[in-house]
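Step one of this worksheet: look at the structure below.
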Amino acid sequence: MSSVNLDLSYLDKFVGVEKINSLAEKIAGMHIGVEEKKLPGAEMLGWRDLPQNYDRNEFDRIKKAAEKIKDNSDVLVVIGIGGSYLGARAVISALSPNFGKNNGVPEIVYAGTSLSGKYLEELLDYIKDKEVSVNVISKSGTTLEPALAFRAIRELMTEKYGDKASERIFATTDKNKGALKELADAEDYTTFVVPDDIGGRYSVLTAVGLLPIAAAGIDIDELMAGAAEGMAEYSSAGLNENSAYRYAAVRNILYSKGKKIEILTNYEPNMHYLAEWWKQLFGESEGKDGKALFPASVDLTADLHSLGQYIQEGERHLLETVIKIKSPRSDLVVGSEEKNLDELNYIAGKKIDWVSDQAIAATIAAHTDGGVPNIIVEMDEMSAKNLGHLIYFFETACMMSAYLLDINPFNQDGVEAYKKNMFELLGKPKK
Ligand code: PA5
């Protein structure tokens, strides 16, 4: 039994098994194309065998750097944007407590994700009297948001630590070239590599994600073991054996039937950033040539009280993928009260998790009845291993989903358009 299960049992009235199976041959052919590196983007498939073939030496260096950060820092500032930070933030927030500091590990704070001077100023103020380490992550080193944040934080680090600042700055960047690589070499920062054959949104299991994740006290061996489990499970060309491909097939069919938006639904607040990572993965991989489902997300049950009305009765262009965590997340039970003014005694003694499970079942049924196809991705428990597996599941599904639309999943030319306009307005000198 897999630790990540795809449940398509609520789809009957939207997509028949025969329709899904009709894509089997096409998917098997594309699988061979991927294996033989014959499809567009073949040079960016390094993530596929990463869980088995990762650089053990780099992995050990990551663990050592993480130990050093844990030993000497109150705060780790992770500087990066998009694929250079979302994976780390997704895993760290999913596996860290919702409140307060995780014992024995630094607080992880993020910079370089906006152009807000206010945010950066407040961050500098927040960290100025704390023991700080920095992990700056940028393949190019010239991405505006992280480069600006790093410039300001570097200045603070030099003021605080003088010559020793470089011992607290870890740069994850290109192996040989780029602005950050040059700076890191000149300043003698410890460096880690963004591999050439793995794009930003597929890089969470490289140093890009692993250093912050390890510094947050999360077992990266377990994360990789889960991804290796996923790699074994999603290596087959067969639609019936490979649930990542089944998910891709179902998305494709629903898209062709007029569904234009996929919402990823989660019921645990600390999974919010997993959805943010997922949105980038699918949005940046598939949104090309005027095609693809728009990836959106909702945090339930909160958003049932804001977007629930639209999901239930608005335009019927939605499909919903629900992340459900099976095992109990908490043992907290509903108390009993003599006065019972809030009228909750009828569920007194029940776990809050049980209440949540009933809400999940009720919502799936309501949305399905309302014409929103529901796909369930069920995970045994929230653990590093299962998250590694889930990440690999979505990465594989995303690749196949893009190929089914005749799209190269691994380029992102569209993100340059706004940058060109912005740099013109900023008066950036042309090279
Ligand atoms: O997935 C991607 O390729 C992007 O999100 C990049 O990771 C992001 O734009 C940051 O780029 P860089 O790492 O060069 O700073």
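Nothing fancy with the numbering, it's 1 onward along the sequence. Read the numbers this way: they start at 1 and go in the same order the structure lists the ligands and their atoms.
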Nearest non-hydrogen contact to atom 4 (C) of ligand 1 from the set Lys419, Glu284, Arg201 belongs to Glu284
Would you check if there is a donor-acceptor pair between the side chains of Asn374 and Glu320 at a distance under 3.5 Å?
yes
For atom 11 (O) of ligand 1, what's the nearest protein heavy-atom neighbour? Residue, atom name and distance, please.
Thr143 OG1, 3.5 Å
Assess Lys130 against Tyr126: is NZ or CZ under 6.0 Å from the centre of the six-membered ring, and within 45 degrees of the ring's axis?
yes
Any cation-pi pair here, Arg56 with Tyr54, using under 6.0 Å and within 45°?
yes
Can you list the ligand 1 atoms lying under 4.0 Å from a non-hydrogen atom of Ser84?
7 (O), 10 (C), 12 (P), 13 (O)
Side chains of Ile375 and Leu319: does their closest heavy-atom pair fall under 4.5 Å?
yes
Per-atom contacts of ligand 1 with Gly200, taking only distances under 4.0 Å to non-hydrogen atoms
1 (O), 2 (C), 3 (O), 7 (O)
So between Gly112, Gly83, Ser140, Gly199, whose heavy atom ends up nearest atom 7 (O) of ligand 1?
Gly83
Atom 8 (C) of ligand 1: which protein heavy atom is closest, and how many Å away?
Ile81 O, 3.5 Å
Compute the ring centroids of Phe294 and His317, then answer whether they are less than 6.0 Å apart.
no
Give the numbers and elements of all ligand 1 atoms closer than 4.0 Å to a heavy atom of Gly82.
5 (O)
For a quick check under 3.5 Å, do Tyr161 and Glu131 share a side-chain donor-acceptor pair by atom type?
yes
Nearest protein heavy atom to atom 5 (O) of ligand 1, by residue and atom, and its distance?
Gln280 NE2, 2.7 Å
